[in-house]
Amino acid sequence: MNIGNGKRFLPEGRHLMMGNVAMAEGALSSGLKFFGGYPITPSTEVIEHLAVRLPQVGGICMQMEDELASINSVIGASLVGAKSMTATSGPGLSLMVETISMAANLEVPFVFCDVQRNGPGTGFVTEPHHNDIGLVRFSGNGEFQVIALAPMTCQELFDLTITAFNYAETYRCPVYILSDAYLGHLHEIVNIPPKEEIRKRVIDRELPPPDQFVKKFTYKDDITGEFVIPRPPQMGTDYCPVLFLHQPHNYEGLPTPKPMQFMKAIMDKINKNKDKICITEKYKLDDADIVIIAYGLPVRSSYRAVDIARKENIKVGIFRLVTVWPFPDKQVKEVVKDARAVIVPELNYTGYIAEQVERVTKLGTPVIKIPKVCEFHHPDDILNVIREVAK
Amino acid sequence: MPEIGRMLPNEKPEHPYVIFSYGGSMYKNFATRFCSGCGYGIIGHIFTRLFEDEKLDPHLYPTIIGIGCYSQMLLLVHAKSQKILALHGRAPAVATGIKMANPNMKPIIFSGDGDCLGIGGNHFIHVCRRNLDCVIFIFNNSIYAMTGGQGAPTTLYGATSSTTPYKMFENRSDGVQLALAAGATYVARTTVAHPRTYIKYFKKALNHKGTSVIEVITPCVTYFGRKNLDNLGAEYIGLEGKKMDTGGKMIDWIKRNTVRINQAKFMSEEELFNKYVIGEFRYQPDKPEYSEEYAKIQKIAMKEE
Amino acid sequence: MDNKEKKFKLFLNKNRCGGDQCAICVSVCPTGILEIGDELNMRVAYIPRVKEGKAKYCTSCRRCEFGCPEWCIYVLEEEEEKLAEKAKI
């Protein structure tokens, strides 16, 4: 089979690709070396594609015996210095949460692709349902911060995977890509940039200069006061702590009697860098008094709804969240400051992000949820709500 | 870190290997945190002694330690070896990731009977099935010792523990047979009472290409010895047992209760009940090893431009 | 704890020893020259000692050294002992 040409980077230009395959190619061009996965319905194409492509570039693609083994082998590989990733869906994620909380303690960089599917239990296996948003943020025992990106097109699946790997390398925390059953199986045109351009964007995994071998975990720099995140340690080299212990530890990896200092290090390394991490997009928002806040696929149907509403000269705009977690409080607060109403179309019933938006909006402005499960927001659904609010 | 090392005064000529253990390298006089009479201290020392005598390169032999009483071996194992504490039962899975990411490494996995045959059974079976190049130790003290002496998959029939107060009625699982069935290519069982055979098997496992599973029977005095009589393996004689409340009595019980593999052939089923059969069960050095096979796959994939 | 004219010495690190609850060296010794004494150490345990006049039967087989969980009892050859003395830690 000659899907890729045996090289790590696809030839430059336009390709027709499935969402899952685009994400796999994105991972490959950002230097993926180890993939441990387990087949689960919406995300099997990822492991199938990587099983062909990874050996071509000298990487390892392993289908493990269960999800627990796949996430643990990903942690093991990442500790030895191999960029690693796993892809699963809702039930797989709920099996892997214990290991993710261990990885957050050891600050192991890895990328986690969650192709979400319907409902609690098995659910409709091929239907999209953004129900893992809460599980992604609050998964695993203990508190830790995660970064979650929500692409909406196959092109973004390719680009955001490279961003996800860069975030994993710099912030050394679990990084999620929240695609879903439709986006994973969607075939779209993906423009692959030239090789040099990608290579410039990718942050490689290499050791720091030998004189900085002492500090291996996040610590608070006393002079400047903000958090320094060193390069990830690698087993098999001298840049390795004496023992990888998932207990509160100081910057050298030894257990510390001050767990609060460790907790600050894990949590604030993301909270303090929110403006560097959060990616958001605006669409016709400058004079809008009704604001639509959305992420993932609902954004595409709300584009159409906004265009029609603008023709009926209703002032409405979209504020799109590309990084769902950490939730960009500041930016959302500015956008929603003088809005008459806020509409949050979400592909789940409880409206996880709608609650976050309510937390940030003033008491007066109403936040209207448009819940949809297993199917898409038709532009008319959003349009009717806009018209009601505009009256 | 261990305060007990600093508390005790340093004796005249110190034991030559204390300096190499991690705790010893910091305090020069390190006492293990295990209960007195426990077998894990013996295993940790023999590992450090071998790590030092064989001059193992610490970059190539990471130790992956599961969760259990032997997690204390992080302080006892050789100072320079690179150690990672895995989750309960997930040590073989972490070792797979480590081995595949860096094929010239040979991970050494410490796991206990509950850790390896209980919660981590699935990972253990599949690592043996793949014949991954690693050394898996199963420390069988037939009890969940760290959490207070509960019954384990390998608790002997008729033994009492905190969750089997009347009698252990379940059939016990056997790590060696499980490894043989799963396809490990070097399987052996030994006990702490025979440290020389333990050293021999460990050296052989280090040079063996493939999964080597070594089950080590260790005494647990505080939770197993004190609660059980020493006629456990001798039901057919109808011996009247006494409590095994010291390390020495448990070592004697282990010696009485182990049967060499050649002798086991001639013993009847009734005599072998509740006995440990020690020896080398399988040694196939020429079986294909997983990471080499995968290297061949990579060659095939790269040629197929 | 004791020495021999066969150029080796048997040492016991008194305070680290597990004492009577351990007593592995007592049961492991093939010639049975060890016994639990009545001297208490810092871990409040009765530590072993060589039986009266049985010192010469020790063959330095090191079973007690390999069997001791606390690295307390060990046999040092003459040169080794100097080495250990020199490397006074």
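Convention: sequence-line order gives letters A, B, ...; per-chain numbering from 1. Side chains included, hydrogens not; waters and symmetry mates left out as well; all remaining heavy atoms used.
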Which value, rounded to the nearest 0.5 Å, describes the distance between B:Ile98 atom CD1 and A:Phe34 atom CZ?
10.5 Å

Can you tell me how far apart CG (B:Leu85) and CG (A:Leu243) are? Round to the nearest 0.5 Å.
8.5 Å

Closest heavy-atom contact between B:Asn102 and A:Val80?
CB-CG1, 3.4 Å

Heavy-atom distance under 4.5 Å to chain A: side chain of B:Ser81, backbone, both or neither?
backbone

Let me know if B:Ala86 has heavy atoms under 4.5 Å from chain A in its side chain, its backbone, both or neither.
backbone

Using non-hydrogen atoms only, which part of A:Val242 is less than 4.5 Å away from chain B: side chain, backbone, both, or neither?
both

In terms of heavy-atom proximity below 4.5 Å to chain A, should B:Met105 be classed as side chain, backbone, both, or neither?
side chain

So which residues of residues 120-130 of chain B are in contact with chain A at a heavy-atom cut-off of under 4.5 Å?
B:Asn122, B:His123, B:His126, B:Arg130

Is it the side chain or the backbone of A:Ile60 that comes within 4.5 Å of chain B heavy atoms, both, or neither?
both

For B:Tyr17, look at atom OH and say whether over 12 heavy atoms of other residues, nucleotides or ligands are found less than 6.0 Å away.
yes

For A:Gly59 versus B:Tyr294, what's the shortest heavy-atom pair and its separation?
O-CE2, 3.5 Å

pair B:His59-A:Asp238: side-chain heavy atoms closer than 4.5 Å
yes

Using a cut-off of under 4.5 Å on heavy-atom pairs, state which of A:Leu245, A:Asp66, A:Ile75 scores highest against chain B.
A:Asp66

Among A:Gly81, A:Gly236, A:Ser73, who wins on heavy-atom pairs under 4.5 Å with chain B?
A:Gly236

Taking atom NZ of B:Lys209 as the centre, does the number of heavy atoms from other residues, nucleotides or ligands within less than 6.0 Å exceed 12?
yes

Please check: side-chain N/O of B:Gln82 versus main-chain N/O of A:Thr237, any donor-acceptor pairing under 3.5 Å?
yes

A:Ala82 versus chain B, the contacting section by heavy-atom distance below 4.5 Å:
side chain

A:Asn72 and B:Ala93 have their tightest heavy-atom pair at CB-CB, 3.6 Å

Chain B heavy atoms under 4.5 Å from A:Glu98: which part of the residue, side chain, backbone, both or neither?
both

Any idea which heavy atoms bring B:Ile84 and A:Met235 closest together, and the distance?
CG2-CE, 3.5 Å

Counting heavy-atom pairs under 4.5 Å with chain B, which one of A:Ser70, A:Ala69, A:Ser84 comes out on top?
A:Ala69

Spacing of A:Leu54 atom CG and B:Ile297 atom CD1 [to the nearest 0.5 Å]:
13.5 Å

Specify which of B:Thr96, B:Asn104, B:Asp57 makes the most heavy-atom pairs with chain A at under 4.5 Å.
B:Thr96

Would you find more than 12 non-hydrogen atoms of other residues, nucleotides or ligands less than 6.0 Å from A:Glu143 atom CD?
no

Shortest non-hydrogen pair, B:Met302 vs A:Val57, comes out as CE-C, 4.2 Å

Side-chain heavy-atom pair B:Arg90, A:Ile71 within 4.5 angstrom cut-off
no

